[in-house]
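Owing to the predicted nature of the structure, the values given are computational and were not obtained by experimental measurement. Quick note: numbers below take in every heavy atom, side chains included, and nothing from hydrogens, waters or symmetry partners.
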Amino acid sequence: MRTRSIAVALLLTGLLAGCTSGPPPVPETSGHAETPPTDPGVAPVGQATVIASGLAAPWSMVRLPSGSTLISERDTGIVKELEADGAVREVATIAGVDHNGEGGLLGLEVADGSLFAYFTTGTDNRVERFPLLGDAGSYRLGDGTVILDGLKRAGNHNGGRIKVGPDGDLYVTVGDAGDSANAQDLDSLNGKILRIELDGGIPADNPFPGSPIYSYGHRNPQGLAWDANGQLWAAEFGQNTWDELNVIEKGGDYGWPLVEGIGTDPKFKNPVLQWGTNDASPSGLVFTQGTFFMAALRGERIWAIHPHDPIGNVPWFVGEFGRIRDVVEGPNGTLWFLTNNTDGRGDPKEGDDKLVQFRLETAVEG
């Protein structure tokens, strides 16, 4: 495992800007000691293209090699297919989804011929695996198999992101379900990032034998992405002060509820970046072409994060699209993101919610 040292770095300043202006103020940050990447990273350019509209509280999307994209709708429990030509159709309604507050149909992932879905039921949060049948334009789901269940549910802090890592295992973010004590309790799966095999088994090299827990001390993580070196990063909602971006180490304790943001106790892992909660409320996270892009709900923006030392970050699209829930790589070097203005907390605009595309180009250094 690589060694990382974390130290508080100087704040950088600038002018707050939209997507075509100069660099804005950079939030509180801690240094990320790593060999500087040779890739200068990328930034959005040009005008937005709306790929799909009229979505109902979309939460997650996963692009398929066929050119289709599967999208989850939180409140309806529907999985929709966006076809390559822009047509949108219903694939299936996930049985048992019980929308309550922030719960419902949340994260999606596709691997090994299956769709994996994280969702809230009347009694818990769980992950089910469904055979993904058919082809582009006619996808359907087979019968589901529960591979992880018994995660405490609540009106908020349900986590819900699922991603297959470079090791082929499934990583699952689980919120503390509104009870902060869960995060430090290794007998609870809440307030954790979990790692399981695709059939629900527990990897033999997990840090706590016989447990799916990969890291703990989390409040409500909702973003997962791996950098070019295969290192896992996660975005996490704070409470009243600091939202976080963390480098995730196996077995690491990220401090919640004993610390929020950068702290001084060496037994807790510090975030590499922190934002005031008005500027972030982070959800989806993606790494592409040397740059992380992080969706912000309350902050109504996307943060572009360049993992140099010290780490740098710039907000884009501030206030232009409202709340932003998920972000993924689009085709041909583009960036795709989902707005989230119809979830009861946003201010819906005409056509909301939307899937939006921007072109990416190499960032200009200096």
Side-chain angles (χ1 to χ4, degrees), residues 58-62 64 70-79 91-133 139 141-154 156-177 182 188-203 206 208 210-216 218 220-226 232 234 236 248 283-285 325-326 328:
W59 206 95
S60 178
M61 58 182 160
V62 56
L64 305 180
L70 300 182
I71 301 169
S72 65
E73 289 189 337
R74 187 193 69 184
D75 301 357
T76 65
I78 295 174
V79 177
V91 174
T93 299
I94 302 297
V97 170
D98 182 46
H99 163 58
N100 174 36
E102 296 174 3
L105 178 57
L106 305 178
L108 300 181
E109 178 63 296
V110 171
D112 195 28
S114 298
L115 173 74
F116 297 80
Y118 182 117
F119 61 94
T120 309
T121 74
T123 58
D124 66 358
N125 285 303
R126 60 179 56 190
V127 179
E128 288 195 20
R129 176 175 178 165
F130 302 85
L132 182 59
L133 308 173
Y139 285 118
L141 301 183
D143 292 337
T145 300
V146 177
I147 63 170
L148 178 69
D149 62 358
L151 309 173
K152 293 179 182 177
R153 56 160 280 170
N156 56 11
H157 303 188
N158 290 291
R161 193 70 59 188
I162 53 176
K163 295 287 183 183
V164 172
D167 54 10
D169 289 327
L170 187 69
Y171 290 74
V172 182
T173 73
V174 187
D176 67 10
N182 289 327
S188 170
L189 298 185
N190 286 81
K192 312 295 191 299
I193 294 175
L194 308 180
R195 177 188 181 221
I196 59 175
E197 296 169 346
L198 297 186
D199 62 0
I202 297 173
N206 268 10
F208 305 101
S211 172
I213 295 173
Y214 191 79
S215 62
Y216 65 108
H218 299 289
N220 191 24
Q222 286 189 8
L224 290 175
W226 286 261
L232 175 60
E236 180 170 341
I248 301 300
S283 189
L285 182 70
R325 171 65 73 179
D326 198 16
V328 301

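Test Leu70, Leu133, Val91 against Leu141 for side chain to side chain contact (heavy atoms under 4.5 Å, CB included) and you get one pass: Val91. Evaluated for a side-chain hydrogen bond (donor to acceptor under 3.5 Å, both in side chains) with Thr120, the options Asp98, Asn125, Asn158 yield exactly one hit, Asn125.
The minimum heavy-atom distance between Thr173 and Tyr118, with the atom names listed, is O-CE1, 3.7 Å. Counting all heavy atoms, side chain and backbone alike, Trp59 lies closest to Arg325 at O-CG, 3.2 Å. The minimum heavy-atom distance linking Ala177 with Lys152 is given by the pair CB-O, 3.7 Å.
Judged by distance alone, with hydrogens and angles left aside, the side-chain atoms of Ser60 form no donor-acceptor pair with the main-chain N or O of Ser72 at under 3.5 Å. Judged by distance alone, with hydrogens and angles left aside, the side-chain atoms of Asn206 form a donor-acceptor pair with the main-chain N or O of Ser211 at under 3.5 Å. Asp124 places no side-chain N or O within 3.5 Å of a backbone atom of Asp149 that could act as its donor or acceptor partner. Not a single donor-acceptor pair under 3.5 Å links the side chain of Arg161 to the backbone N or O of Pro221. Counting only distance, with no hydrogens or angles, the side chain of Lys192 and the backbone of Asn182 share a donor-acceptor pair below 3.5 Å.
With contacts defined as side-chain heavy-atom distances shorter than 4.5 Å, the pair Ile248/Tyr171 does not qualify.
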Decide side chain to side chain donor-acceptor pair (under 3.5 Å) for Ser283 and Gln222; before the verdict, give the C-alpha distance in whole Å, the side-chain angles of both, and the deciding distance to 0.1 Å. CA-CA 5 Å; Ser283 189; Gln222 286 189 8; 3.0 Å; yes
When you look at Val174 and Ile193, which way does the side-chain contact (heavy atoms from CB on, under 4.5 Å) test go after all the steps? CA-CA 6 Å; Val174 187; Ile193 294 175; over 6 Å; no
Walk me through whether Leu148 and Leu170 qualify under side-chain contact (heavy atoms from CB on, under 4.5 Å). CA-CA 11 Å; Leu148 178 69; Leu170 187 69; over 6 Å; no
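Distance check: Asp169 CG to Ile202 CD1 gives 11.5 Å after rounding to the nearest 0.5 Å.
Under the 30°/60° scheme for interplanar angles, the aromatic rings of Phe130 and Phe119 are found to be tilted.
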Enumerate, atom names and distances included, each donor-acceptor pair closer than 3.5 Å involving a side-chain atom of residues 100-114, sequence neighbours excluded.
| unit_1 | atom_1 | unit_2 | atom_2 | d |
| --- | --- | --- | --- | --- |
| Glu102 | OE1 | His157 | N | 3.2 |
| Glu102 | OE2 | Arg345 | NH1 | 3.1 |
| Glu102 | OE2 | Arg345 | NH2 | 3.0 |
| Glu109 | OE2 | Val164 | N | 2.8 |
| Asp112 | OD2 | Arg129 | NH2 | 2.7 |
| Ser114 | OG | Arg129 | NE | 2.8 |
| Ser114 | OG | Arg129 | NH2 | 3.3 |

